[in-house]
Amino acid sequence: MRISKLFGKTLREVPADADTVSHQLLVRAGMVNQLGAGVYSYLPLAWRVLKKIEDIIRDEMDKAGGQEVNLPVLQPLELWQLTGRDKAFGKSLFTLYDRRERPLALGPTHEEVITQLVGRYARSYRDLPLLLYQIQVKFRDEPRPRGGLIRVREFHMKDLYSFDVDEAGLDESYRKMLQAYQNIYDRCGLPSMLVEADSGAIGGKDSNEFMVIAESGEDEIIYCPDCKYAANVDKAAGVKGSIDNGKPLPVEEVATPGMGTIEEVAGFLKVPQSHTLKAVFYIADGEMVFVVIRGDLGVNEIKLNNQLKAGELRMATEAEVIEAGIVAGAASPVGIKGFKVIADDSVKSGTNFVAGGNKPDTHIRNVNYPRDFKADIVADIAMARAGDKCPECGGTLASTHGIEVGHVFKLGTFLSEKLGALFVDEKGESHPTVMGSYGIGIGRLMAAAIEQNHDDKGIIWPVPIAPYHVYLCPLYREGSEVAKVTEKLYEELEAAGLEVLYDDREESPGVKFNDADLLGIPFRVTISPRTLQKDSVELKKRSEREAELVPLEEIAAKLKGLVEG
RNA sequence: CGGGGCGUAGCGCAGUCCGGUUAGCGCGCCGCGUUCGGGACGCGGAGGUCGGCAGUUCAAAUCUGCCCGCCCCGACCA
């Protein structure tokens, strides 16, 4: 490809509304253009990268036994109402009406469609297992698109769905997909991390995410440096450690004038925050919920809602708390009545806690569970943090940030039951298929690759997903052979099967080199009167500082070797 | 949806507070010439509903109201 003909233009200045590195570089390189919030056009260079990623994914899906299909984006809303997931997705579901006023959704994912489809065709255990996938556009009306391609409203996704006769089959399909995903990230040159995850709106039981570690990542990951344990903070279960406060003592009221927050109370009474219990209030589907947790810990709302299973969960406002007759600043589970009480299991981690007195300016010492208060539910609802102990090996947990580039779910049978994806077993009995679902965001993967591979000059593409292999860069001089030799070399390289971006513009060397760096093509070949004096060209890897001179007749073979790695 | 910021040429910005000539600057773009190993230079040129609508005024990019869009921080997810 000759740059003079390439659609797209590099920018010298950083676009004002991009502050994520990958976003800035994609725009500066002339690869993407924003149309609206979370909606982008992909120019030729970006599209080549996306296609390369897709090809790698396709290859791995096919190797794992997947069959590619293509499902409708336009889906009757009715189908979503059948599974109740129209509510789970809520406003993220793009809906529209056809000319007969019938409601439709733009597919945010395709479980409903494919489950119904499989129910029609796979009627026997002999038809299973099935692994069906597609690479196609998805629509999600995200509350807040951000970070360029990191989080968008229209995006390309590979989604695969597995259908098995039983749990053991699902486990096997799931295992195959984990391996295939690992292969995909490896082949894209991206180090990925497998973490435990919450299943969110998709639903289901086990769930894992693949993360690419990056500063700009939206997700916090809690992991153990000593073993394999790693989980999204939404899901992570840190061991909280116990608080040794001696044998349970009788409760004792203490005056705490003006002390409202845990910090103030603990400081005033000269006890660590971990020796206190705090009360936090939520509204779950309109009902006040009283949450108790050790003073040094934070509530993980996702874990909390996994206990409550509320449609809408939010913190109560101060007004709501007061209206409920709760003494803000000194609220306590001790003696409280008329609320659903959920306690974090940290209430069992020690003795003789300080808790609120349910009277203004009053706290109580020596509160012990379950002697002094009861809870409707006691479960882990705390936010795990670095420094907690690993639930697997007891090591000390650490935390980092990551970009979620893949998410897999063991769905089970709740969708196949609702949508009638049933099969008949050897005995002639009918059962719902056991499902799994597996997604990779293609554009996000590209953005993650840039986040992971760049420097202050631009992108540094891993070879397998680079838009072109070679940046052919002649430095013209009147009366020299450069133009002629370059044209010949261009043909030779292309004939050798290399993908060449040929900078045939009459620009100064600085402009060409800077564009080469910005675009991040892995190998730059410079031809100038100087190199031709030695019948050579200059070869520079984008990932390295130094260049080397390579004889003209060897360069094609050399590049071929480098690209094929 | 809550909080913060922004909207003037393809991109980056000034001008707006304090209304007043043909609305500027840099980059990029077009033409000619000189340059050429890390974003060269000269000369000439094209390009703008000042986000939109309404209002105030002799006069609005500038003041007022309403609306729209975009970015960032929080609750959601590939």
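All values reported here derive from a predicted model rather than from experimental measurement. In what follows, chains are A, B, ... by sequence order, proteins preceding strands, each numbered from 1.
Annotation: of the two residues near RNA chain B, Arg146(A) and Glu13(A), the 5′-most nearest-nucleotide partner is Glu13(A). Looking at which nucleotide of RNA chain B each of Leu518(A) and Leu11(A) is closest to, the 5′-most match is held by Leu11(A).
In this structure, Glu54(A) atom CD and A78(B) atom P are separated by 18 Å, rounded to whole Å. Residue Glu404(A) contributes atom CD, which lies 11 Å from atom C1' of C76(B) at whole-angstrom precision. Rounded to whole angstrom, the span from the CD atom of Glu546(A) across to the C1' atom of G38(B) amounts to 14 Å. Arg314(A) places its CZ atom 14 Å from the P atom of C76(B), with the value rounded to the nearest Å. As rounded to whole Å, 18 Å separates atom P of A78(B) from atom CZ of Arg153(A). Taking atom CD1 of residue Ile403(A) and atom C1' of nucleotide C77(B), one finds them 13 Å apart after rounding to whole Å. Protein atom CG of Asp234(A) is 10 Å distant from nucleotide atom C1' of C76(B), rounded to whole Å. Regarding Asp159(A), its CG atom lies at a distance of 17 Å from the P atom of C77(B), rounded to whole Å.
Pair check for G31(B) finds C43(B); Watson-Crick or G-U wobble, both atom distances under 3.5 Å. With a cut-off of 3.5 Å on both Watson-Crick or G-U wobble distances, the partner of A60(B) is given as none. Checking C70(B) for Watson-Crick or G-U wobble geometry (two distances, each under 3.5 Å) identifies G5(B) as its partner.
When distances run from any side-chain atom of Asn514(A) to the nucleotides G39(B), C76(B), A78(B), the shortest one goes to G39(B). Checked against G38(B), C13(B), C76(B), the side chain of Ala16(A) finds its nearest nucleotide in C13(B). Listed nucleotides C70(B), C72(B), A78(B) differ in distance to Asp17(A); the shortest reach to its side chain belongs to C70(B). If you check G38(B), A75(B), C71(B) against the side chain of Pro143(A), the one that comes closest is A75(B). When distances run from any side-chain atom of Asp219(A) to the nucleotides C71(B), G38(B), C77(B), the shortest one goes to C77(B).
Under 4.0 angstrom from either OP1 or OP2 of G28(B) there lies at least one side-chain N or O belonging to Arg12(A). Here Ser508(A) reaches the OP1 or OP2 of A40(B): one of its side-chain N or O atoms lies under 4.0 Å away. Taking only side-chain nitrogens and oxygens, Lys9(A) comes nearer than 4.0 Å to OP1 or OP2 of C29(B). Not one side-chain nitrogen or oxygen of Gln34(A) sits closer than 4.0 Å to the OP1 or OP2 atom of G69(B). For Arg477(A) and G37(B), the shortest distance from a side-chain N or O to OP1 or OP2 is below 4.0 Å.
A salt bridge does not link Asp503(A) to Arg2(A): none of the charged nitrogens lies less than 4.0 Å from a carboxylate oxygen. Residues Arg530(A) and Glu538(A) are not paired through a salt bridge, judged by the lack of any N-O separation under 4.0 Å between the basic side chain and the carboxylate. No salt bridge links Arg314(A) with Glu301(A); every basic N to acidic carboxylate O contact stays at or beyond 4.0 Å. With respect to Lys158(A) and Glu54(A), no salt bridge is recorded, no charged nitrogen being found less than 4.0 Å from a carboxylate O. A salt bridge links Arg542(A) and Asp455(A); the closest N-O separation between the charged side-chain nitrogens and carboxylate oxygens is under 4.0 Å.
Annotation: proximity of residues 59-71 of chain A to RNA chain B (heavy atom, distance under 4.0 Å) is found for no residue.
Nucleotides G52(B) and U34(B) place their P atoms 45 Å apart, quoted to the nearest Å. Across the C1' atoms, U16(B) and A78(B) are found 43 Å apart, a figure rounded to whole Å.
With hydrogens and angles ignored, no donor-acceptor pair under 3.5 angstrom links the side chain of Arg140(A) to the base of C76(B). Not a single donor-acceptor pair, N or O on each side, falls under 3.5 Å between the base of G3(B) and the side chain of Arg144(A).
Cation-pi contact between Arg48(A) and Tyr468(A): present, with separation from the ring centre below 6.0 Å and deviation from the ring axis of at most 45°.
Here Phe513(A) does not pack flat against the base of G39(B), since the 5.5 angstrom centre distance and 30 degree tilt limits are not both met.
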Asp159(A)/Lys138(A) under salt bridge (charged side-chain N to carboxylate O under 4.0 Å, His left out): CA gap, chis, key distance, verdict: CA-CA 10 Å; Asp159(A) 44 327; Lys138(A) 304 283 185 248; 3.0 Å; yes
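For Gln452(A), the side-chain contact (heavy atoms from CB on, under 4.5 Å) partners are Leu190(A), Pro191(A), Val212(A), not counting sequence neighbours.
Residue Gly147(A) is in sugar-phosphate contact alone, with no base atom involved, counting any heavy-atom pair closer than 4.0 Å across all strands shown. Using a 4.0 Å heavy-atom distance criterion, Pro529(A) is classed as making no nucleic acid contact.
For the salt bridge (charged side-chain N to carboxylate O under 4.0 Å, His left out) with Lys303(A), the qualifying choice from Asp344(A), Asp380(A), Asp234(A), Asp198(A) is Asp380(A), the only one to do so.
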